[in-house]
Amino acid sequence: MQPPQHATRPRWWTELPLIALVYAVYSLGRLIVRGDEARAVEHGLSILRLEKAFHLNAEHPLNRLFTHTPALGIPADFVYASLHYLITPAVLIWLFRRRPTQYRAARGWLMTSTLLGLIGFTFLPTCPPRLLPAVQGFTDTMAQYGSYGWWGGEASAPRGLGGMTNQFAAMPSLHVGWALWCGVMLWRFGGSRLTRIVAVAYPLTITFVVMGTANHYLLDAVAGAAVMGLGLLLSRPLLRFAERVRTRFTPASRATGAPIVSAGCETSAGERIPGQRTSSDTRSDTRAEARDSTASTAR
């Protein structure tokens, strides 16, 4: 994930609107492309059946553990509802300030993967485990422990604002995808043992949390990691293309950081710019001034 060779240091006044625009598109698209409930439920049941066929349905035991153990369930709900809004921007800002040469590639990777996730929500609306029929045995811990936080029974949305979120955006899990991105950034650029421990612990914790709170299936988490992998592959050519466009439309004086005084004009050997004085002219002027000074002194 090397930055473009001629990349300049990013500027916050261009980065902030870009990030805000991408997130606004993601949020709006996530809201607009709500799938119908029957289709989303069928997709959720299909995932659950596939997991059971391969004995992969880790959601049930984790959800029972979080449901019967408030000391785990309540913190898990807080983690699910807030941490991705805090950690992901914090890592972006840290990269911007401390690793500017790697920042642009990292930001491109995150944005590309996020938009790929939006495509997944569009074409595969999926009902999370917590919204499946009760016969499937899942408990919505966000609703169970809702009195401890700001959320209600509609995922992590604040009470009364559940209509502003798409509750069928379960596949892929971008909670897991974003956490994996954060982990990779901390592992590569953190430089200390503590940051490497956090780099491994954070994505694993988020994976357990999204399943234990019945917000995602295990395959949602796997899909979130796969989307990040695909986003990494696609972000490189996209960044190179963006760099070529930027270079093409950036004046040469701005690209090199210095003004072009000659404006592209050149002179051949022996040719003088009109009005340019030569060294012989300068010597003649000096001798004339000396004669004038001598004559003035004699008078």
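This chain uses plain numbering: 1 for the first residue, then up along the sequence.
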Practice task
Answer yes if Leu186 and Leu232 sit in the same cluster of Ile, Leu, Val, Met, Phe, Trp and Tyr residues linked by side chain heavy atoms under 4.5 Å apart, and no otherwise.
Solution key: yes

Handout entry: Closest non-hydrogen atom pair, Thr69 against Tyr145
Key = C-OH, 4.0 Å

Practice task
Indicate the ring-plane relationship of His84 and Tyr80, choosing parallel, tilted or perpendicular according to the 30° and 60° boundaries.
Solution key: tilted

Exercise for the section: Decide whether Leu50 and Phe138 are clustered together by the hydrophobic rule: side chain heavy atoms of Ile, Leu, Val, Met, Phe, Trp, Tyr closer than 4.5 Å, transitively. Expected result: yes

Fill in the blank from the handout: Value for OG (Ser235) from CE (Met228), rounded to nearest 0.5 Å, stands at 9.0 Å

Handout entry: pair Thr88-Leu110: side-chain heavy atoms closer than 4.5 Å
Key = yes

Handout entry: Linked, directly or transitively: Phe121 and Leu124 (ILVMFWY side chains, under 4.5 Å)
Key = yes

Problem - For the student: nearest non-hydrogen atoms of Val41 and Leu132, plus distance - result: O-CD2, 4.2 Å

Exercise for the section: Rounded to the nearest 0.5 Å, what's the gap from CG on Leu48 to CG on Leu219? Could you check? Expected result: 9.5 Å

Handout entry: Pro172 backbone acceptor or donor facing Asp220 side chain under 3.5 Å
Key = no

Completion exercise
side-chain contact (heavy atoms from CB on, under 4.5 Å) filter on Leu238, not counting sequence neighbours, yields Thr112

Exercise for the section: Kindly compute the distance separating CZ (Arg107) from CD (Gln102), expressed to the nearest 0.5 Å. Expected result: 13.5 Å

Handout entry: From CZ (Phe96) to CZ (Arg104), nearest 0.5 Å
Key = 9.5 Å

Handout entry: Side chain to side chain, Ser113 and Trp181, heavy atoms closer than 4.5 Å
Key = no

Exercise for the section: Indicate yes or no for a side-chain donor-acceptor contact from Ser173 to the backbone of Val176 under 3.5 Å, with no hydrogens or angles considered. Expected result: yes

Handout entry: Closest non-hydrogen atom pair between Ser192 and Thr195, with its separation
Key = O-OG1, 2.8 Å

Handout entry: Between CZ on residue Arg130 and CG on residue Asp140, distance to nearest 0.5 Å
Key = 5.0 Å

Problem - Least distance between heavy atoms, Pro75 atom then Pro70 atom - result: CD-O, 3.6 Å

Handout entry: Beyond-backbone contact of Thr141 with Thr67, side-chain heavy atoms, under 4.5 angstrom
Key = yes

Handout entry: Reported CG-to-CE distance for the pair Leu65 and Met211, which is rounded to 0.5 angstrom
Key = 12.0 Å

Practice task
Under the side chain to side chain contact (heavy atoms under 4.5 Å, CB included) rule, what do Asp77 and Tyr148 come out as? Steps first, then yes or no, please.
Solution key: CA-CA 9 Å; Asp77 286 346; Tyr148 292 91; over 6 Å; no

Problem - Ile119-Leu233 co-clustered via ILVMFWY side chain contacts under 4.5 Å - result: no

Exercise for the section: With the side chain counted from C-beta on, respond yes when Val200 and Arg196 share a heavy-atom pair under 4.5 Å apart, and no when they do not. Expected result: no

Exercise for the section: For residues Glu59 and Glu51, determine if any side-chain heavy atom of one lies less than 4.5 Å from a side-chain heavy atom of the other. Expected result: yes

Fill in the blank from the handout: All heavy atoms of Gly212 vs all of Asn63, minimum pair found to be O-ND2, 2.9 Å

Practice task
Please check if Leu95 and Val184 belong to a single hydrophobic cluster, counting links between Ile, Leu, Val, Met, Phe, Trp and Tyr side chain heavy atoms closer than 4.5 Å.
Solution key: yes

Handout entry: Check: Gln136 main-chain N/O paired with His60 side-chain donor or acceptor under 3.5 Å
Key = yes

Problem - Thr114 and Trp178 side chains, donor-acceptor separation under 3.5 Å - result: yes

Handout entry: Heavy-atom neighbours of Phe208 CZ exceed 12 at 6.0 Å
Key = no

Practice task
Taking Asn215 for its side chain and Val210 for its backbone only, find out whether a donor-acceptor pair lies under 3.5 Å.
Solution key: no

Practice task
Please tell me if the side chains of Glu37 and Cys127 come closer than 4.5 Å, counting only heavy atoms from C-beta onward.
Solution key: no

Practice task
Give a yes or no on this: more than 12 heavy atoms of other residues, nucleotides or ligands lie within 6.0 Å of atom CZ of Arg49.
Solution key: yes

Practice task
Work out which heavy atom in Phe168 is nearest to a heavy atom in Pro128; give both atom names and the distance.
Solution key: CD2-CD, 4.3 Å

Problem - Partner residues of Thr207 under the side chain to side chain donor-acceptor pair (under 3.5 Å) criterion, sequence neighbours left out - result: none

Exercise for the section: Answer whether the closest heavy-atom distance between the side chains of Tyr103 and Leu92 falls below 4.5 Å. Expected result: yes

Practice task
I would like to know whether Leu234 and Leu116 meet side chain to side chain contact (heavy atoms under 4.5 Å, CB included); could you show each step before the answer?
Solution key: CA-CA 10 Å; Leu234 293 178; Leu116 288 175; 4.1 Å; yes

